[in-house]
Amino acid sequence: MAVISVIEAVRSAMQEEMRRDSSVFVLGEDVGKRGGVFLSTQGFLDEFGESRVIDTPLAEASIMGIALGAAFKGMRPIPEVQFSDFVWPSINQLVGEAARARYGSNGQLTVPMVVRIPYGGGIRGGLYHSQNVESFFFHVPGLKVVSPGTPYDAKGLLKSAIRDDNLIIFLEHKKSYRLVRGEVPEEEYTIPIGPSDVKRQGSNITVVSYGLMLHHCLEAAELLSQEDVDVEVVDLRTLRPLDTETIINSVKKTGKILIVHEDNLTGGVGAEIAAIVADQAFEYLDGPISRLCGPDIPTMPFAQSLEEAYLPNTDKVASALRELAQY
Amino acid sequence: MAVISVIEAVRSAMQEEMRRDSSVFVLGEDVGKRGGVFLSTQGFLDEFGESRVIDTPLAEASIMGIALGAAFKGMRPIPEVQFSDFVWPSINQLVGEAARARYGSNGQLTVPMVVRIPYGGGIRGGLYHSQNVESFFFHVPGLKVVSPGTPYDAKGLLKSAIRDDNLIIFLEHKKSYRLVRGEVPEEEYTIPIGPSDVKRQGSNITVVSYGLMLHHCLEAAELLSQEDVDVEVVDLRTLRPLDTETIINSVKKTGKILIVHEDNLTGGVGAEIAAIVADQAFEYLDGPISRLCGPDIPTMPFAQSLEEAYLPNTDKVASALRELAQY
Amino acid sequence: MTQPRSGPKNRSARSSRSSKTSDTGLPRGITADDLIDYYKRMVLVRTIDERIWMMNRQGKVPIAASSQGHEATQLGSLLAAEKDGDCFLFTYYRDLAVKMAAGLTPSQVMKSFMGKEGDPYSNGRQFPLQGADLDHKIIQLSNVVAAGLTQAVGYALASRMQGDDTVSIVYFGDGASSQGETHEAMNFAGVHKLPVIFLCENNHYAISVPQKSQMAITDIANRAEGYGLAGVVVDGMDIIQVYEATREAISHARSQGPVLLEMKLERFMPHTTDDDDKRYRPAEEVDNIRQRDPVITMGQYMTEQGFLNQEQIDEISKEATAAINQATDEGEEAPLPDPSTMFDHLFKD
Amino acid sequence: MTQPRSGPKNRSARSSRSSKTSDTGLPRGITADDLIDYYKRMVLVRTIDERIWMMNRQGKVPIAASSQGHEATQLGSLLAAEKDGDCFLFTYYRDLAVKMAAGLTPSQVMKSFMGKEGDPYSNGRQFPLQGADLDHKIIQLSNVVAAGLTQAVGYALASRMQGDDTVSIVYFGDGASSQGETHEAMNFAGVHKLPVIFLCENNHYAISVPQKSQMAITDIANRAEGYGLAGVVVDGMDIIQVYEATREAISHARSQGPVLLEMKLERFMPHTTDDDDKRYRPAEEVDNIRQRDPVITMGQYMTEQGFLNQEQIDEISKEATAAINQATDEGEEAPLPDPSTMFDHLFKD
Ligand SMILES: Cc1ncc(C[n+]2csc(CCOP(=O)(O)OP(=O)(O)O)c2C)c(N)n1
Ligand SMILES: Cc1ncc(C[n+]2csc(CCOP(=O)(O)OP(=O)(O)O)c2C)c(N)n1
Ligand SMILES: [Mg+2]
Ligand SMILES: [Mg+2]
């Protein structure tokens, strides 16, 4: 097993799938010679050539519309949105068109397409290079939303996503790209889209998270274990469809739940999880359903002091867990 | 008091405000000679002239960007999105730009703008003339989301929205336009943005809703009263900022809550309400937090049979209330 | 007729018409039988279009956009595509004539307009004739104006990648030309010289908004140059000219790259059954444009050329009415989609 | 120099340069003192731009986009706007020279790049120099490429409604020309003949993507005609030509309607401090374009014309360095924004 970073995992998943299936291709801004601004397609132009590694004009709506049209003809496009913050111009093609193509044609059209979106903050990106966009897609029927937190999950899930015949919004936390490293097998593997993963077993409190925040949760769980609080950490990995069963089972066991995400609190993914728990595990709850999320301002500001104030981190998760433990 | 329809209320609110303040103007597709496809600006061209009633090219992104630029210079634009389904191309200007303008300029810029959006289904509109878009905006810091259910509220809230110095997403349920009629005073009045309204007092179950669904809830409450179940109906009216206090107080009184909306279940406004109740009224609950919402398919299909299957209605609300009453 | 601005051979379609190549005196590749066939299709479409409007007034069809006035363009371009044999179409909501002529039966049309089981586009999930009819190589996913353009470009990109000969043709209105995606689609197609035709049905109105409020120019085809596209203005009320211009555009698209075909034509009816065009359109204007009714024009042409006589014309009309009567019955009798199917096809397994 | 395609007077900026009007031999409205003043501003900007890049390497500035190579365009256009006195600017992230020349102090610039209290654009909430500087009539709300164009058009619409003389000038790159909103903005401006100038800083790259992968044409100004705009190509490396073309465009915008000014210029540095242009740009290309460094060119011009001597040139450079040294200190000493301000200004009460 090699230890690699998230960006390397992403790159190698695409590379393997492009070697395996000639209908897979990438397109986006600077994916060619530049190899992507995060280098996720580094070397691709040389290996796969201009026709499968397409540097597009700066126009996100068309990147998605063109990818979708190619998917209709049996290609398997992987459009890249350079930063999540720039996905908005393409929302109509994604939410309005691609996510409804199969449903709206009564099963005639197929959209085997993976939209890769680097998202999230903590990199001094300010209001337009830090956004969490997951809750927008989370609400949309007809697509799947994946958000891995580790290199192992990133690679296995991205390979599955590329093979999936449906529209997948693949969210990669950009701060995790180089920061998070982990073991990844040499041999081929995939991870199914859908099931969450209990990254740490525990009996006192369930904490549910995904993406970069997962790591803060794991660290906080470690801290709490020294205070005799046994925390179970559920890594969602796939946001839509949501693996309700794992969450509910965990809450039935622990009786308490904390949901952690970097995205704004109001109307975030955590709200739905809370709602589901309130409905399905109501009688098992020993405490209020708690959320630790980004505050309701546009996103993390640029200044270091403000960025830190916005972001959940290990200390903040640990405090929230302590409070819940004492309830 | 005259009895008027929702569309008449909307029209008269705009007309009064345009007479009152010459910086208010409308722009959008077909708002001129046509008077809007729903006739919300009927007669405006004659009264206010071409410079304040602008028929735009068919290009939603620019409608919003242009409105925003004019707002920066002190005008008070009311851009109309012809149908909610066509708001997507303008999402970047709304969510990415307008909602952050004040925050991102540290208070220098002001966005006194009301985006009017006819939304919702039940009019045989199919996948592209029926969408509920509220949960997308509900998640966005920096804007307010209003969704009245009655002519009285529509007029009073729209007048407040036009006078408000901030970005307001004003959602008008298009089926309510002619269907819902009600008393509206001759004299001028406004309704503050923010507070919800308890449209019916009750002690056994709280039902929270907004827009057209409010009326199904009121009818269902009436049915249930004949079965000795006393239902309190909270009409949110404003979705963001959410009037948490009224909801929590009601739940503390009744111990049970049903949330009803037409929008898709997963990640809808109801999820946040459920989450808040689960957090803040946890100890007062006598039953699971329930939601009756649109199922997770793109939106109501065109065929009558499918449209009916999708939509919550009075019977469905009544059944959900009965179930909850028996818990 | 408006002169073309530039284009594959930078000449007007009409002038090419005189350069007849077939021995029947008709343009390249078509015969009198083709025209008779297409005349029948045109009459059939007009008949069903009028019927649907009537049924809307009877409360049986919730909504309809009419193709009346656009038939010459829709049929002439389809004739070119059929003759070529290797085109894929991205239509829009006004393209009833394209769809029917491409093979959709009157009964299917009726089911679709009534939201009944048996609508091949979406089985009643969508607005009439929206979704896809892959059997006839048509995709029209949504009502969102201009959303099909980038998709057609992507389809053409895939043709290029897959090494086949398909040319994508995307239909759209003058209103759609204002959307940002239209610009993006044409720009990308120009950069990659893709086999795609942008076929604009310019009827000078986007619902009530006249062309002068939509753009500062007269010919949308003028924009072609700014994208490195060939641009042609065509008299879209004349099926022969449309056929020739489209045929040539197909060759050009395949060999050299994208073409913007601007068809100048007229919308005879209000925007949809929901619209009331009296609010914004002078009655005389409608009377005037009706003078150039493509069904009448083509009928006259057919008799003038001796391809059909009046008796045959009347017969065609009668047959159309009979076919539509039967289709209407079939539509009315068809069941509604079963509610249990509501969750089907959200994903491909 | 590229010839202009069309424009207010359809002539090249260079030719107008020979038609000197002022008695100092300079174009309309400017004096030698203006040029000296602007030369100082140019040197100051170049000095701070280089310093900021260095500070990024030291870990003190998280991100910076450089204006090096763009200075002649940014300053020449601002000089025109200042002389006119009634312009409002919508800039983009590369416009450091516009912003500083418009009045931002070096100390404010440093605070902004370091995300410190005292950044007038957003007080550290946004990327450097993003937000607004209303004191100097500048709005630059976001990093979203091309988002400012429609806003500038809306601002111009408001000028029209309010009956004032303001002309909006919106700055954007070649990359931005691909966005759908750019099309929508120009189209609307053309329909309403609004007082707005679309000023394109065409440096032939969108990050790594060269112009030929972005568009099939050479001159973006070519698109002007399709919107009913005046289009002009200008040598954006020559401050005098830029001044003249912009000055004329301002008059045209006010009296007749919108203008698309395409400034041909060069980006000397990588896209931003995060970029590595060696991945996609041959070293010789960078060497070549540096031959036309606008700071050196202007310095030479100033000495040739006798407006400055070498001693003065050296003095200006020294003064700039001193000013930037002090600004750097002030930036470093400035406090971070207080976390308690995080929730401020979400709404206007
Ligand atoms: C993005 C979008 N905005 C608005 C609408 C509502 N709408 C439907 S058709 C139409 C006018 C389209 O005009 P044009 O493109 O000229 O086509 P025509 O109907 O004239 O054939 C409008 C505004 C829509 N369907 N999509
Ligand atoms: C909508 C959007 N997409 C992508 C980006 C990322 N990005 C920032 S600058 C840039 C290139 C812009 O090129 P150009 O407009 O030519 O300006 P230049 O940097 O060359 O001055 C890109 C792709 C962005 N900021 N906004
Ligand atoms: Mg039209
Ligand atoms: Mg550039």
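Per chain, numbering begins at 1; letters A, B, ... match sequence-line order. Quick note: numbers below take in every heavy atom, side chains included, and nothing from hydrogens, waters or symmetry partners.
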Requested in this report: Please lay out, stage by stage, how D/I63 and A/F302 fare under the test side-chain contact (heavy atoms from CB on, under 4.5 Å).
Outcome: CA-CA 10 Å; D/I63 179 94; A/F302 178 68; 4.0 Å; yes
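- Of the atoms belonging to A/F83, not a single heavy atom falls under 4.5 Å from chain D.
- Chain D forms more heavy-atom pairs under 4.5 Å with one residue of A/I297, A/L306, A/V37 than with any other, namely A/L306.
- Looking at D/M215, there are no atoms closer than 4.5 Å to chain A (heavy atoms on both sides), in backbone or side chain.
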**Report entry** A/H129 and D/N143: CA distance, side-chain angles, deciding distance, side-chain contact (heavy atoms from CB on, under 4.5 Å) verdict
**Finding:** CA-CA 8 Å; A/H129 288 84; D/N143 297 83; 3.4 Å; yes
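- A donor-acceptor pair is defined here as one N or O able to donate and one able to accept, closer than 3.5 Å; no such pair exists between the side chain of D/S178 and the backbone of A/A59.
- Around atom CZ of A/R178, no more than 12 heavy atoms belonging to other residues, nucleotides or ligands sit under 6.0 Å away.
- Taking all atoms of both residues into account, the shortest heavy-atom contact from D/G175 to A/L58 is O-CB, 3.5 Å.
- Looking at D/E181, neither its backbone nor its side chain comes within 4.5 Å of chain A, counting heavy atoms on both sides.
- Most heavy-atom pairs under 4.5 Å with chain A, from the set D/S122, D/G180, D/A176, D/P128: that is D/P128.
- Proximity to chain A is limited to the backbone of D/S112, based on heavy atoms less than 4.5 angstrom apart.
- Atoms CE and CZ, from A/M300 and D/R125 in turn, are 14.5 Å apart once rounded to the nearest 0.5 Å.
- Contact check for A/D30 versus D/V209: side-chain heavy atoms found under the 4.5 Å cut-off.
- Interface remark: of the candidates A/L39, A/V31, A/I123, A/L39 forms the most heavy-atom pairs closer than 4.5 Å to chain D.
- Neither the backbone nor the side chain of D/D119 has a heavy atom closer than 4.5 Å to any heavy atom of chain A.
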Requested in this report: For D/I207 and A/E29, run side-chain contact (heavy atoms from CB on, under 4.5 Å): C-alpha distance rounded to whole Å, both residues' side-chain angles, the deciding distance at 0.1 Å, then the answer.
Outcome: CA-CA 9 Å; D/I207 307 189; A/E29 295 156 10; over 6 Å; no
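- Using a 4.5 Å cut-off between heavy atoms, A/E50 does not touch chain D at all.
- At a threshold of 4.5 Å between non-hydrogen side-chain atoms, the residues A/K33 and D/R281 do not count as touching.
- A distance of 9.5 Å separates CZ of D/F343 from OH of A/Y310, quoted to the nearest 0.5 Å.
- No more than 12 heavy-atom neighbours from other residues, nucleotides or ligands sit within 6.0 angstrom of CD on A/E323.
- No other option in D/P210, D/P339, D/S142 has as many heavy-atom pairs under 4.5 Å with chain A as D/S142.
- You'll find the side chain of A/L45 stays beyond 4.5 Å of the side chain of D/Y280, heavy atoms only.
- Residue A/E308: no heavy atom, backbone or side chain, is found under 4.5 Å from chain D.
- Open room surrounds NZ on D/K212; 12 or fewer heavy atoms of other groups in view lie less than 6.0 Å from it.
- For the atom pair NZ of D/K278 and CZ of A/R34, the computed distance is 11.0 Å after rounding to the nearest 0.5 Å.
- Heavy atoms closer than 4.5 Å to chain A are found in both the backbone and the side chain of D/D275.
- In this structure, A/Q304 CD and D/K116 NZ are separated by 9.5 Å, a value rounded to the nearest 0.5 Å.
- No part of D/F347 comes within reach of chain A, as not one of its non-hydrogen atoms sits under 4.5 angstrom from that chain.
- Note: A/P295 leads A/P89, A/P295, A/S62, A/G35 in heavy-atom pairs under 4.5 Å with chain D.
- No side-chain N or O of A/D55 forms a donor-acceptor pair with one of D/S213 less than 3.5 Å apart.
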